[in-house]
Amino acid sequence: LRHDEIDGNLRFPDSCRNQKHGIYQGIHSWSGLQDGQSTAETPNEFTYNYKWQNILSYNLDINEDHHLTFTGVTEWSKGRTEGSNAIGHGFDTDDYAYHNLGAGTGTPSVASSYTQTQMMSYIIRAMYSYKSRYLLTLSNRWDGSSKLSSGHKWDSFPAVAIGWRISDEAFMKGTKGWLDNLKLRASYGVTGNDGLGAYGTLAYSQAGMLGFQELGVPYSTYSTNIAN
C-alpha cells in the first residue's frame with residue numbers, strides 16, 4: 001500500500017516604516033546654554049524589509065511501516081534603510097521651531113545615509129521513519145549574504161540526526177500509564193551567521209593626512225576587525 005501527498009506554502013511578509021522627526025533646542029535649553037546658540041534639525045528615516053519564502057513538501061507512506069518526507073525551501077530577504085538630516089543654527093526667534101531651517105544665521109549642515117542588504121537561502125531535508133520508532137533526518141542549507149566579502153558570500157550547512165522512540169518498544173509497555181513519549185536523539189550539524197554590518201567587509205583601510213612640521217603626510221591604516 002502506497003500513499004502520496006504533496007503540500008506547498010508561499011509566504012510574502014513585508015514591513016515598511018517611515019519616520020520623520022523635528023527637533024528644536026532654543027537658546028535657553030541645556031544644549032543652547034552649552035553651545036551659545038539655538039539649533040533645529042529634521043532627521044528622517046525610511047526602512048523596508050521584504051521576505052519571500054516558498055515551501056514544498058512531499059510525503060510518502062509505504063505500507064504501515066515506512067514514512068518519508070521530503071521538504072524543499074527557498075527564501076529571499078531584502079532590507080533597505082535610507083536616512084537624511086538637515087541642521088540649522090543660530091535662530092533669532094523660537095517661533096519657527098524646526099519648520100524653517102533656512103532662517104538660521106549659522107552654517108547649516110546636511111547629511112544622508114543608505115544601507116541595503118540581501119540574503120538568499122536554499123534548504124533541502126529528507127526525513128525517514130520506520131514504524132514511527134526509528135528516525136533519520138538529513139538536511140543541507142545553502143545561504144548567501146550580501147554582507148560577506150566577494151568569493152565568500154555563499155556557504156553550506158549540512159546536518160544529520162538519528163532518533164529512537166524508546167517508548168514504543170515492547171519492553172516499555174509497562175510504562176504507558178505514566179510515560180507517554182520517550183525518545184533518544186543524536187544530531188550533528190554545521191551552523192554560521194552573517195552577524196556584521198552591511199558593509200563590514202569593505203572597511204579594509206582608512207586614509208588621511210598627518211601634520212609633519214609644515215607638510216601634510218598621507219597615511220593609511222588597516223582595520224583590525226574584518227569578517228572573512
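Every heavy atom of this structure was used, including side-chain atoms; hydrogens, water molecules and symmetry mates were not.
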> So do the side chains of R185 and W164 get within less than 4.5 Å of each other, counting heavy atoms only?
no
> What are the two closest heavy atoms between G90 and T105, and how far apart are they?
O-OG1, 2.7 Å
> Between A40 and A97, what is the shortest heavy-atom contact and its length?
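Answer, listing the atom of A40 first, then A97: CB-O, 3.7 Å.
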> On a heavy-atom basis, which atom in L136 and which in I162 lie closest, and how many Å separate them?
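Where L136 meets I162 most closely, the heavy atoms are CD1-CG2, 3.8 Å.
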> Is it the case that more than 12 heavy atoms not belonging to K176 sit under 6.0 Å from its NZ atom?
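Yes, because the 6.0 Å sphere around NZ of K176 holds more than 12 heavy atoms from other groups.
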> Shared ILVMFWY cluster between I23 and Y96, side chains joined below 4.5 angstrom?
no
> Please report the C-alpha distance between E82 and S113 in whole Å, then the side-chain angles of each, then the deciding distance to 0.1 Å, and finally whether the side-chain contact (heavy atoms from CB on, under 4.5 Å) criterion is met.
CA-CA 6 Å; E82 298 181 37; S113 62; over 6 Å; no
> Decide yes or no on side-chain contact (heavy atoms from CB on, under 4.5 Å) for S15 and Y50, but give the supporting numbers first.
CA-CA 7 Å; S15 64; Y50 294 142; over 6 Å; no
> Quick one: closest heavy-atom pair of Q116 and A198, and the distance?
O-CB, 4.4 Å
> Of all the heavy-atom pairs spanning L135 and S129, show the shortest one and how long it is.
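Between these two residues, the closest heavy atoms are CD2-CB, 3.4 Å.
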> Please say whether more than 12 non-hydrogen atoms of neighbouring residues, nucleotides or ligands are located less than 6.0 Å from CZ in R80.
yes
> Contact between L10 and Q53 at the side-chain level, heavy atoms closer than 4.5 Å - yes or no?
no
> Evaluate T71 against I124 for side-chain contact (heavy atoms from CB on, under 4.5 Å), listing each step before the verdict.
CA-CA 6 Å; T71 304; I124 57 172; over 6 Å; no
> Just how far is it from atom CZ of R125 to atom CD1 of I55, taken to the nearest 0.5 Å?
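It is 9.5 Å, given to the nearest 0.5 Å.
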> In terms of side-chain heavy atoms, does N44 have a donor or acceptor partner in Q19 at a distance below 3.5 Å?
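Q19 and N44 do not have a side-chain donor-acceptor pair below 3.5 Å.
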> If we only count heavy atoms from C-beta on, is the I166 to F171 side-chain gap below 4.5 Å?
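The answer is yes, as the side chains (C-beta and beyond) meet within the 4.5 Å cut-off.
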> If we count only N and O atoms by modelled type, under 3.5 Å, do the side chains of D7 and S57 hold a donor and an acceptor together?
no
> Within this structure, what is the CD-CZ distance for the pair Q37 and F91, rounded to the nearest 0.5 Å?
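The CZ atom of F91 is 9.5 Å from CD of Q37, to the nearest 0.5 Å.
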> Students often mix this up, so state it plainly: with edges at 30° and 60°, are the rings of F12 and W52 parallel, tilted or perpendicular?
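The rings of F12 and W52 stand perpendicular, inter-plane angle above 60°.
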> Within the structure provided, determine whether T47 and E45 are in side-chain contact (heavy-atom separation under 4.5 Å).
yes
> Return the NZ to OG distance between K51 and S77, rounded to the nearest 0.5 Å.
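Reported value, rounded in 0.5 Å steps: 6.0 Å.
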> Under 3.5 Å, side chain of S149 to main-chain N/O of H152, donor-acceptor pair present?
no
> Hey, is the main chain of L148 close enough, under 3.5 Å, to the side chain of K153 for a donor-acceptor pair?
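Side chain of K153 to backbone of L148: a pair is present.
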> Given the rule that I, L, V, M, F, W and Y join up when any side-chain heavy atoms are under 4.5 Å apart, are W154 and W76 in one cluster?
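Per the 4.5 Å side-chain linkage, W154 and W76 are co-clustered.
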> How long is the straight-line distance from CD of E64 back to NZ of K131, given to the nearest 0.5 Å?
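Result: 10.0 Å between the selected atoms.
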> Tell me, do D143 and M120 make a side-chain contact under 4.5 Å, heavy atoms counted?
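With C-beta onward as the side chain, the pair stays apart.
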> Cut-off 3.5 Å, side chains only: do T69 and H67 have a donor facing an acceptor?
yes
> Taking the side chain as every heavy atom from C-beta outward, state whether H99 and Y24 have any atom pair closer than 4.5 Å.
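No. Closest side-chain heavy atoms not under 4.5 Å.
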> Does I123 share a hydrophobic cluster with V160, counting links as ILVMFWY side-chain heavy atoms below 4.5 Å and allowing steps through other members?
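The answer is no; the residues belong to distinct hydrophobic clusters.
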> Do the non-hydrogen side-chain atoms of N54 and V73 ever get within less than 4.5 Å of each other?
no
> Please round to the nearest 0.5 Å and tell me the distance separating atom CZ of R141 and atom OG1 of T191.
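So the gap between those two atoms works out to 8.5 Å.
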> Would you say L33 and I27 are hydrophobically clustered, going by side-chain heavy atoms of ILVMFWY under 4.5 Å?
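Looking at the clustering, I27 is in a separate group from L33.
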> Does some side-chain heavy atom of L182 sit less than 4.5 Å from a side-chain heavy atom of R165?
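They are not in contact (no side-chain heavy atoms under 4.5 Å apart), so the answer is no.
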> Out of N59, L60, L56, which residue meets the side-chain contact (heavy atoms from CB on, under 4.5 Å) rule with I6?
L56
> Which pair of heavy atoms, one from M172 and one from S167, lies closest together, and at what distance?
CB-O, 3.8 Å
> In the single-linkage hydrophobic clustering (I, L, V, M, F, W, Y; side-chain heavy atoms under 4.5 Å), do V110 and Y114 co-cluster?
no
> When rounded to the nearest 0.5 angstrom, what distance separates OG in S146 from CG in D194?
8.0 Å
> Hey, do the aromatic rings of Y128 and Y130 have their centres closer than 6.0 Å?
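When the ring centroids of Y128 and Y130 are compared, they turn out to be at least 6.0 Å apart.
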